[in-house]
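Computed from a prediction, not measured in an experiment: that's the story for all the values here. Each chain gets a letter, A, B and so on, in the order the sequences are listed, and its residues count up from 1.
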Amino acid sequence: MSEPRTITFWLLDASYDVVGNVPEIRLWGLTEDNQRVVILDRSFRPYFYVLPEENVSPENLLRRLKAEAHGKRPILDMTIVDKKFFGRPVKAIKVTCQVPADVPEYRELFRRVVGVQDVLEADIRFYMRYIIDHQLRPCSWHEVKVKPTTKHKNWQVDAVYEALEPPKPIEDYSKLPDLRTLAFDIECYNPRGSPKPERDPIIIISVVTNKGEKRLLTAKDHNDVLLIKEFVDFIKEFDPDIIVGYNTNRFDWPYLIERSRYLGISLSVSRTGSSPAPSVYGHYSIMGRANVDLYDFIEEMTEIKVKTLENVADYLGIMPKDKRILIEGTEIYKYWDDASRRKNLLEYALQDALSTYGIAEKILPFAMQLSSLVGLTLDQVGAASVGFRVEWYLMREAFLQNELIPNRIERPYVPYKGAIVLKPKKGIHENIAVLDFSSMYPNIMINKNISPDTYVPPEEIDDPSKYNIAPEVGHAFRKEPPGFYKRVITKLLEFRKRIRENMKQYRPDSIEYRILDERQRAVKIIANACYGYAGWVGARWYRREVAEATTAWGRETIKQTIKLAKELGLEVIYSDTDSVFVKYDKNKVEKFIKAVKEKFGLEIKPDKVYVRVFFTEAKKRYCGLLPDGRIDVVGLEAVRGDWAEIAKEVQEKILEIILKEGSVDRAVEYVRKVIENLKSGKVPLEKIIIWKSLSKDLREYEVRAAHVTAAKRLLEAGYRLEVGDKVGYVIIKGPGRLADRAWPYILLKDRKMIDYNYYIERQILPAALRILRYFGITENLILSGKRQTTLFDFFG
DNA sequence: GCCTGGTCTCTACCC
DNA sequence: ACGGGTAGAGACCAGGCG
């Protein structure tokens, strides 16, 4: 039984601990035959690099470092190694320590030694070091030679193995193991505003699993001791691989942890029996399982404006709002205390867990592919910001290419010029094609070899023919050899091509197809984020000249493209960054595409053709009618989250009437009707709520803004608000500034308080006139109610 | 003291 | 804690008016 064997496993989580002065890597996973396993590797040691100053001999420095370390904690090894730093070959001293805690100690000690230029790679967590060095991929399959061990008998796994050699990744991403997923949500008793764990019990924990279980765990009146124990027991019994929730990192887990501590209950939900623990990027780590907060992913979906669980579930078609029970957060305790209403609360809680589970089904396949690609574990990848996701990917690549990973350093923010936006030709245009460059910035970075390691400062320029010189800004980049960004982005684009090739062997409705599709999406997202990353001052591979040159070439490209279009007789209506809107002429457009390819080595593709498109004179705001009758609204009030629904609706309807029917009269009639309805109180309250986000702490605001005063009123009423939350308010009648008349809709006692005049003058009319004034309509004309002539009607 | 115009702050958008 | 470019509303404030 204890003979060595090779097993195949899917990597779920990674961690480490020091056991008997030996660091032990733990790889948590699932095997092909559906066993939960942990693989221990005690052979790996932490290390970092010391980079000598240019004129310092590595041998001398090595001796000095050894002398410096003498008498301190033993260092396992110090060796001079050949590495590259920003593409340049360098000698570095690799320092291998006994345990991870030695690394920061020696980093601090060595960085002060004379002759040391820098200490590198001393800030990488030990298990991440392991993942990078062996190129493991979380959420992917690996092969590993192991032998069983009797260690850690009390852990909740089917088997514990010792690795006889490091695992090897398997390059097939089309399959997933049979995972156990658990979604949960907690409800707290909150008669005194926001619940506090040292005061208010948890009353319901709703649980839904992917194996068809639905549980409603409840408190005994106001005693939640058994409830929490039941929850812990259920997790142990079901033994989930993935635990999902909505906003669990900021609410459920901290609350459960605090509450358990207060009650003296052990929240041992992990596979080692430990409690969830706060970890990197503000997420909670549950040993051996992946704790995923779906909110992290929803946060990035800017198309969902108000990100409450019920809104998101509604938006994603998981649980339509009109088909579920909605209970106001502040009312929960009332339902709990009222025997006749308690069952409604229970149903509500279950629907929350079901919604959460539904979101997980939509999000997890992508999250897993992102995790696999960038190398962050599933529970971390969502919590990490875009910049860090890109960075982890780059760090893996740097390792493969023997490049030293630069340190994260603080730098001043220096702004630079971005893209060009053309002033549109205002009014209505017919038959307009939109063409845009595919991945313009990534391709420019490849074509011009733009990278920190190919950048050459002006004083070092010799023969200009050896460099690509950026227009306007004059930054120079070596043509050869290929720079870091070029190598990385090229690889990503090729990778994506290969995945898309691979997809062809599967039916579009198959699981394999879905997985690969999510994977190619993840690859595209990372490739496209490289430019932004390069211009981020917090990036390890930051260089302003890189970002600045990329946009400069982008500007030149689009300028030349516009010129080319005109030369070919295409009328250019508008352009933004990497797109051109031209009067559609099939032959000319085909010629144009070919010419662009020849001239710039970049691909421009027709994205869509508008039957009709309307532009105001403002940039970034227009509206187009598509051949299938759909309407694209871009930038205008109708698509902004900070206008009252009623105003957005009016604008959208006007655009539709104008683009489809060409009748200004009807549009004006429509606006008048809505104003009538509003005055007579026929418009539902939801449609006049204005939602705005809090971008900072309330005390930090410099001017009195409406949503801030509304937020303060919410706070006084006992609501809890955080940065990023959306505040919904209405404007009420009365004296003073607008900001002082903003009232949280939730606290509104009487609809009579609402200032309808504000909604007419400052919401509906501006939104309507934004469009209608281009057709000769004025505010007075709408308000006077005079019948219009058909003067402004057109086409039919 | 009120009005006006310019500037600043703030949000959310586009690509 | 990935980039810059942009519109538009409202707050704020200085200056003009008389």
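At a threshold of 4.0 angstrom between heavy atoms, the contacts of A:Gly635 are confined to the sugar-phosphate backbone, with no base atom among them. No engagement by A:Lys423 is indicated, since no non-hydrogen atom pair under 4.0 Å with the nucleic acid exists. Among the heavy atoms of the strands lying under 4.0 Å from A:Ala618 are primed sugar atoms or P, OP1, OP2 only; no base atom is included. Nucleic acid contact for A:Val537: none, since no nucleic acid atom lies under 4.0 Å from a heavy atom of the residue. Base engagement by A:Ala529 is indicated by at least one non-hydrogen atom pair under 4.0 Å involving a base atom. Note on A:Tyr542: nothing from the nucleic acid sits closer than 4.0 angstrom, heavy atoms only. When heavy atoms are screened at a 4.0 angstrom cut-off, A:Arg389 is found touching no nucleic acid atom at all. Within the 4.0 angstrom heavy-atom criterion, only backbone atoms of the sugar-phosphate kind lie near A:Tyr758; the bases stay farther away. Within the nucleic acid shown, A:Gly532 comes within 4.0 Å of at least one base atom, counting heavy atoms only.
Of the charged side-chain nitrogens involved, at least one lies within less than 4.0 Å of a carboxylate oxygen, so that A:Lys425 and A:Glu571 count as a salt-bridged pair. A salt bridge links A:Arg720 with A:Glu722: the closest approach of a Lys/Arg side-chain nitrogen to an acidic carboxylate oxygen falls below 4.0 angstrom.
Side-chain contact, A:His283 with A:Asp379: a donor N or O sits under 3.5 Å from an acceptor N or O. A:Arg519 and A:Ser372 are linked by a side-chain donor-acceptor pair at a separation below 3.5 angstrom, with hydrogens and angles left out of the test.
Annotation: cation-pi geometry not satisfied between A:Lys692 and A:Tyr729 (NZ/CZ under 6.0 angstrom from ring centroid, within 45° of ring axis).
Classification of the A:Tyr281-A:Phe388 ring pair by plane angle, with boundaries at 30° and 60°, yields tilted. Between A:Phe615 and A:Tyr622, the ring-plane angle classifies as tilted under the 30° and 60° cut-offs. Under the 30°/60° scheme for interplanar angles, the aromatic rings of A:Tyr531 and A:Tyr416 are found to stand perpendicular.
First and last contacts of DNA chain C with chain A, using any nucleotide atom under 4.0 Å from a protein heavy atom and ordered 5' to 3', fall at C:dA1 to C:dC12. Counting 5' to 3', DNA chain B first comes under 4.0 angstrom of a heavy atom of chain A and last does so at the ends given by B:dT9 to B:dC15.
Screening A:Lys417, A:Arg543, A:Glu472, A:His475 against A:Glu548 for a side-chain contact (heavy atoms from CB on, under 4.5 Å) leaves a single residue, A:His475.
Between A:Thr616 and A:Arg408, the one whose closest nucleotide on DNA chain C sits nearer the 5' end is A:Arg408.
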